[in-house]
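These notes are about the structure you will find just below.
Just so we're clear, the structure is a prediction, and the values are computed from it rather than from any experiment.
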Amino acid sequence: MSRARMTNSVLPPQVITPWASSDLAVEVPDASLVGGESSIAFSDDVTVESVQVQLTLDHARLPDLAIELISPAGTRSVLQTPRNGLVGQSLDASITGFDQQLLLSNQFYGEKAKGEWTLRAVDTNGEEQFTFIAYFNSSNVFFVPLNNNKEPGVIKNWSLRVIGH
């Protein structure tokens with residue numbers, strides 16, 4: 001039988017850093033593993049519990065995108081996988097990407113936050129038309145076609161903050 005370890009030591013007070021931002025527009029080429037990368041030099045010396053990213057990105061077919069965040073230590077966290085079921089653009093033509101979309105990762109737990117953080121977006125699909133299956137229940141199944149983006153995507157801006165101690 002095991003018992004939880006009892007301790008009187010507690011973590012230092014929680015810190016939520018200010019947002020650090022990059023407004024440098026970066027192109028995300030269609031169907032290219034090169035992708036687009038943008039970096040932020042982060043100066044706060046904090047131990048990470050979680051990292052939040054706020055992303056504004058133009059892209060005509062969001063489910064093509066793989067989005068990852070890379071820490072100063074080189075750890076990678078996938079913030080969005082491609083072919084993820086985001087069919088909103090198929091149903092609403094006014095959706096042209098992300099507008100200050102909030103994303104979060106706990107992948108960097110225990111790392112030091114100070115240093116260069118990199119956001120990477122890769123367009124993984126060049127097919128002219130991609131059909132999504134929108135499944136609500138067995139009598140409400142829709143096949144939703146979405147045309148490929150004619151222009152490369154663009155990371156317009158992004159911000160990063162750390163919750164830690």
For the atom pair [atom1] ([X]) and [atom2] ([Y]), what is the distance rounded to the nearest 0.5 Å?
X	Y	atom1	atom2	result
Q80	L69	CD	CG	13.5 Å
E49	I16	CD	CD1	10.0 Å
Q52	L102	CD	CG	5.0 Å
Q101	L55	CD	CG	8.0 Å

Taking the side chain as everything from C-beta on, heavy atoms only, tell me whether P82 gets closer than 4.5 Å to D64. no
Applying side-chain contact (heavy atoms from CB on, under 4.5 Å) to H59 and N149, what does each step give before you reach the verdict? CA-CA 7 Å; H59 199 280; N149 46 298; 3.5 Å; yes
side-chain contact (heavy atoms from CB on, under 4.5 Å) for V53 and L79? Distances and angles first, verdict last. CA-CA 9 Å; V53 169; L79 302 178; 4.2 Å; yes
Taking the ring centre of each residue, are W158 and F98 less than 6.0 Å apart? no
Take L65 and V122, measure what side-chain contact (heavy atoms from CB on, under 4.5 Å) needs, and give me the verdict at the end. CA-CA 5 Å; L65 292 180; V122 177; over 6 Å; no
Look at atom CG of L33 and say whether more than 12 heavy atoms of other residues, nucleotides or ligands are closer to it than 6.0 Å.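 Check fails, neighbour count at 12 or below.
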Do other residues, nucleotides or ligands put more than 12 heavy atoms under 6.0 Å from the CD atom of Q129? yes
Looking only at heavy atoms, which two atoms of [X] and [Y] are closest? And how far apart?
X	Y	result
V28	A121	CG1-O, 3.5 Å
I40	A20	CD1-O, 3.4 Å
I67	L119	CG2-CD1, 3.9 Å
D123	P29	CB-O, 3.3 Å
N148	N125	OD1-O, 3.7 Å
S50	N106	CB-OD1, 3.0 Å

Let me see the working for Y109 and V48 under side-chain contact (heavy atoms from CB on, under 4.5 Å), right down to the final yes or no. CA-CA 5 Å; Y109 186 84; V48 176; 5.8 Å; no
Only pairs at least two apart or in different chains count here, so list each salt bridge (charged side-chain N to carboxylate O under 4.0 Å, His left out) that has a residue in residues 104-121.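 Applying salt bridge (charged side-chain N to carboxylate O under 4.0 Å, His left out) to every pair that reaches into residues 104-121, excluding sequence neighbours, yields E37-R120, E68-R120.
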Treating [X] as the side-chain partner and [Y] as the backbone partner, does any N or O pair qualify as donor plus acceptor under 3.5 Å?
X	Y	answer
Q54	R161	no
T56	Q100	yes
N137	N140	yes

Indicate if [X] and [Y] have the same hydrophobic cluster label, given that clusters are the connected sets of ILVMFWY residues with side-chain heavy-atom separations under 4.5 angstrom.
X	Y	value
L103	I155	yes
L57	V154	no
W117	I163	no

For residues 14-28, pull every pair meeting side chain to side chain donor-acceptor pair (under 3.5 Å), keeping only residues two or more places apart or in separate chains. S21-S159, S22-S38
Start with the C-alpha distance between R83 and T124, add both sets of side-chain angles, then the distance that settles side-chain hydrogen bond (donor to acceptor under 3.5 Å, both in side chains), and finish with yes or no. CA-CA 9 Å; R83 319 299 184 277; T124 65; 2.7 Å; yes
